[in-house]
A.B. asks: 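Below: one structure in structure tokens.
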Amino acid sequence: MIKKLLLASAATALLTGAAAAADLPRRAAPPPVFTPVPVFTWTGAYFGINAGYAFDASSRSNNSTFGVPFPYAAPGTTATFSNRSQDGFSGGAQVGYNVQFTPGSGVVVGIEADAQYLDFGRGRNNAFVSGAVAPGYYVTDPRGLSSLDYFGTVRGRLGYAFDRTLVYGTGGFAYGSGSADRSFGGYAGNDSFRTGYAVGGGIEYALPTDSFLNFFRSSAVTLKVEGLYVNLDRNTRNQGALVVNAANNFPVAYSNVGRRDDEFAVVRAGLNYKFGSY
């Protein structure tokens, strides 16, 4: 009997202990670790490439005709120049730096420089001559866009970012130059280097950092579409169509047809690699 009482007491004690242990508070689990997602910013340096199409954007009159002076041509000889539209491929590279005042969405300012090849060599500014030009001379017009082989710009940029999308306007200094030989409608020693201005705008989008296009491990790869209007003033006041000595490509006579600017527009797409802040 005593043995049964001892066994019953032990069993009761074990059950009571187990119930009390179940009521004890459990060990607190460690708090979850939250990794903040970095906010994208356009701040940083970048470089890239672009390609597009350029076309004449001037508002010139139709044709210009001038009399070729004696003794370089027979009396009554005239030369007529048609203002042909110029167009062709444009491609090059750019480098720049942006500053965004507030990460995420906000105002972005920057500066960009680019250098571009320009395929305007297919349309020559040759003259239609009515009459006879003296042997050893030819007539040409060095003022046209056909002599422009490359151009570049140094521009400011001002835009607004909607997270990874940037809409911007741009404007600044432009320059260009072309061949100084006859084949491009110019002549040896002509004023082939020109300066002027460029204005335009565009839209740019930043791809994720792990994009397959990110060959340089940059903080972002961006794609852009941009349009520019470029005006290069050649300072050719009262120096238009002219007569050139074929022996040395030296000009001997000018026409007083006034001043003409070189104007063209470029529509292009670009790819940039951005470095710096995320």
Side-chain angles (χ1 to χ4, degrees), residues 54-90 92 115-153 173-198 230-266:
F55 51 91
D56 192 353
S58 60
S59 56
R60 298 188 292 269
S61 59
N62 293 328
N63 297 326
S64 59
T65 300
F66 82 106
V68 183
F70 180 82
Y72 309 113
T77 298
T78 61
T80 301
F81 294 87
S82 61
N83 293 320
R84 301 173 185 175
S85 178
Q86 303 286 339
D87 60 271
F89 169 81
S90 175
Q116 307 290 130
Y117 166 76
L118 192 60
D119 183 20
F120 273 175
R122 292 175 297 168
R124 315 290 193 239
N125 274 4
N126 295 328
F128 173 77
V129 179
S130 175
V133 178
Y137 298 93
Y138 65 89
V139 179
T140 188
D141 182 1
R143 304 163 304 154
L145 288 171
S146 60
S147 62
L148 194 62
D149 296 333
Y150 74 88
F151 77 98
T153 67
F173 173 76
Y175 63 91
S177 186
S179 298
D181 58 31
R182 181 179 176 182
S183 64
F184 282 87
Y187 58 90
N190 71 353
D191 58 338
S192 60
F193 186 79
R194 312 159 219 186
T195 60
Y197 65 91
V230 183
N231 188 308
L232 298 179
D233 184 354
R234 296 206 59 184
N235 295 318
T236 53
R237 186 182 301 277
N238 294 330
Q239 293 184 10
L242 47 82
V243 181
V244 177
N245 187 329
N248 55 17
N249 283 333
F250 189 80
V252 295
Y254 297 93
S255 66
N256 296 326
V257 294
R259 181 173 180 166
R260 182 171 113 187
D261 295 339
D262 286 340
E263 307 169 59
F264 60 95
V266 181

A.B. asks: Do you know the tightest heavy-atom contact between Asp56 and Glu263?
C.D. replies: OD1-O, 3.0 Å
A.B. asks: So, for Val68 and Ala73, which heavy atoms are closest and what is the spacing to 0.1 Å?
C.D. replies: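 For Val68 and Ala73, the tightest heavy-atom pair comes out as CG1-CB, 3.4 Å.
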A.B. asks: Looking only at heavy atoms, which two atoms of Gly136 and Asn245 are closest? And how far apart?
C.D. replies: O-OD1, 3.6 Å
A.B. asks: Any idea which heavy atoms bring Ala134 and Pro71 closest together, and the distance?
C.D. replies: CB-O, 3.6 Å
A.B. asks: A side-chain contact here means heavy atoms from C-beta on lying under 4.5 Å apart; do Tyr138 and Val133 qualify?
C.D. replies: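 The answer is no; the side chains never approach within 4.5 Å.
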A.B. asks: For Thr77 and Ala132, which heavy atoms make the closest approach, and how far apart are they?
C.D. replies: OG1-N, 3.2 Å
A.B. asks: If the condition is ring pair (Phe, Tyr, Trp, His ring centres under 6.0 Å), which residues does Tyr175 pass it with, not counting sequence neighbours?
C.D. replies: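 Not a single residue meets the ring pair (Phe, Tyr, Trp, His ring centres under 6.0 Å) criterion with Tyr175.
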A.B. asks: Taking the inter-plane angle between the rings of Tyr117 and Phe89 on a 0 to 90° scale, is it parallel (under 30°), tilted (30 to 60°) or perpendicular (over 60°)?
C.D. replies: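 Ring orientation, 0 to 90° scale: tilted.
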A.B. asks: Taking atom CZ of Phe70 as the centre, does the number of heavy atoms from other residues, nucleotides or ligands within less than 6.0 Å exceed 12?
C.D. replies: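 For Phe70, atom CZ is not crowded (no more than 12 foreign heavy atoms under 6.0 Å).
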A.B. asks: Minimum heavy-atom separation for Val230 to Ala198, with atom names?
C.D. replies: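 In this case the closest contact between Val230 and Ala198 is CG2-CB, 4.1 Å.
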A.B. asks: Looking at CG of Leu232 and OG1 of Thr195, how far apart are the two atoms once the value is rounded to the nearest 0.5 Å?
C.D. replies: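 So the gap between those two atoms works out to 7.5 Å.
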